[in-house]
Amino acid sequence: MNQSPVLENLHIAASDYTPEIRFDVDGTFSICGKSYPENTFEFYAPVLSWLETWFTLPKQPPIVLDFELIYFNSSSSKLLYDLLDILDAHREQQDIRVNWHYHPENESAREAGEDFAEDFEYLNIHLQALA
Amino acid sequence: MRLDELQAIVEDHGIIFLAYGSSLTQDIIASIASGLEKNQEFSELGLGFSSDIFTVFVEVAQNMMFYGRRHPELQSGEGIIVIGRDAEGNYYVHSRNTITADDKTLIGDKLNTIQSMNRDEIRQMYRQLRKNGAHAHDAGAGIGFYEIARRCDRIEHAFSAAENGLFHYVFKSWLYARGGKS
């Protein structure tokens with residue numbers, strides 16, 4: 001008999017240069033703050049791997065992923081792309097909604113959200129200006 | 001050392017932050033970034049403009065940090081990075097470090113290409129490179145320069161010969177004043 005993987009909620013506290021990450025087993029995911037880690041790949045590897053494991057769980061609730069990033073460097077942008085790529089690979093079997101929150105004054109943040117929405121045109125990505 | 005001379009240079013050039021030395025670390029970068037955020041003048045620029053300046057600074061500084069780590073033999077103590085503002089309220093990030101002849105070619109080619117592109121071409125190339133998995137901090141090969149180019153109005157670069165076949169590499173990004181809060 002196959003044993004289901006045991007997965008705990010993934011919570012990583014924010015630092016001066018890394019975002020707060022909350023990935024709950026119930027499908028509520030968020031990445032908030034700044035992202036310019038020293039080693040971006042090492043920082044995001046556990047998040048990507050957690051997500052891959054989550055998709056192996058026997059029953060998966062709908063996903064809502066909220067992004068609220070003020071600053072991120074280009075290597076973080078690559079890792080965020082990789083994360084969305086994992087979601088994109090599962091979009092046909094899974095109800096997924098991605099909310100890209102940006103400050104209305106922050107044109108680059110809006111543009112970054114637009115880029116992701118165009119890169120993953122079949123993924124349900126919503127741009128939302130913060131009030 | 002005449003510190004008043006240094007003070008005069010800082011004032012003449014509107015320098016807000018300056019880091020000197022070969023060993024830029026993540027903590028130094030983060031503390032300059034955090035100082036920048038707390039700088040009142042900076043915080044009044046509007047989130048869009050300040051975020052672009054911040055991102056350009058981090059991108060340039062991390063490039064220098066990673067370059068220095070990949071080439072410990074070049075740690076000559078000559079790396080310098082400056083954030084400043086001119087009288088018209090235009091901001092700049094100005095840096096100088098020592099690089100190898102091979103990287104001079106690589107970086108020079110990349111920057112010449114970017115300088116020949118318009119804003120939309122830069123944006124499309126950024127997305128293309130990100131999709132193809134280019135590493136952001138490989139010298140001249142990744143998307144870091146495209147990130148900088150997307151956020152600033154003008155980039156300038158120059159190389160000059162240094163000792164032992166190496167080169168001084170000077171890079172300056174300009175972010176023009178956006179007329180108050182943007």
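Sequence lines set the chain letters: A, B, ... in the order given, protein chains first and strands last, and positions in each chain run from 1. For clarity, every value in this text was computed on a predicted model and none was experimentally measured.
What you find for A:Tyr17 and B:Ala30 is that their closest heavy atoms are CD2-CB, 3.5 Å. Closest approach of B:Gln62 to A:Asn73, counting heavy atoms only: OE1-ND2, 2.7 Å. The nearest pair of heavy atoms linking A:Ser77 to B:Tyr126 is OG-OH, 2.9 Å. A pairwise comparison of heavy atoms in A:Glu38 and B:Met65 identifies CG-CE, 4.2 Å as the closest pair.
Within 6.0 Å of CD in A:Glu8 there are 12 or fewer heavy atoms belonging to other residues, nucleotides or ligands. Taking a 6.0 Å sphere around CZ of A:Phe55, one finds it holds more than 12 heavy atoms contributed by other residues, nucleotides or ligands.
A donor-acceptor pair is defined here as one N or O able to donate and one able to accept, closer than 3.5 Å; such a pair exists between the side chain of B:Glu59 and the backbone of A:Ser74. Side chain of B:Gln26 to main chain of A:Tyr36: a donor-acceptor pair is present (N/O by atom type, distance under 3.5 Å, no hydrogens or angles). Put simply, the side chain of A:Glu107 never gets that close to the backbone of B:Gly48: no donor and acceptor are under 3.5 Å apart.
Under the 4.5 Å side-chain contact rule for hydrophobic residues, A:Ile31 and A:Tyr81 share a cluster. Both A:Ile86 and A:Leu84 belong to a common hydrophobic cluster when Ile, Leu, Val, Met, Phe, Trp and Tyr are linked at side-chain heavy-atom distances under 4.5 angstrom. The same ILVMFWY cluster, assembled from side-chain heavy atoms under 4.5 Å apart, contains both A:Leu48 and A:Phe43. Linking ILVMFWY residues whenever their side-chain heavy atoms come closer than 4.5 Å, directly or via other members, places B:Met125 and B:Ile148 in the same cluster. Hydrophobic clustering places A:Ile12 together with A:Phe72 (ILVMFWY residues linked when any side-chain heavy atoms are closer than 4.5 Å, directly or through intermediates).
Under 4.0 Å is where a charged nitrogen must lie from a carboxylate oxygen, and between A:Glu111 and B:Arg119 no such pair does.
One finds the NZ atom of A:Lys34 at 6.5 Å from the OG atom of B:Ser34 (value rounded to the nearest 0.5 Å).
For residues 116-131 of chain A, a heavy-atom distance under 4.5 Å to chain B picks out A:Phe116, A:Glu118, A:Asp119, given by residue number.
Contacts of B:Gln124 with chain A are absent, with no heavy-atom separation under 4.5 Å from either backbone or side chain. For a residue to count as touching a neighbouring chain, one of its non-hydrogen atoms must lie under 4.5 Å from one of that chain's; by this rule B:Tyr146 does not touch chain A.
Per-residue counts of heavy-atom pairs under 4.5 Å with chain A were compared for B:Arg123, B:Glu147, B:Arg150; the largest is that of B:Arg123.
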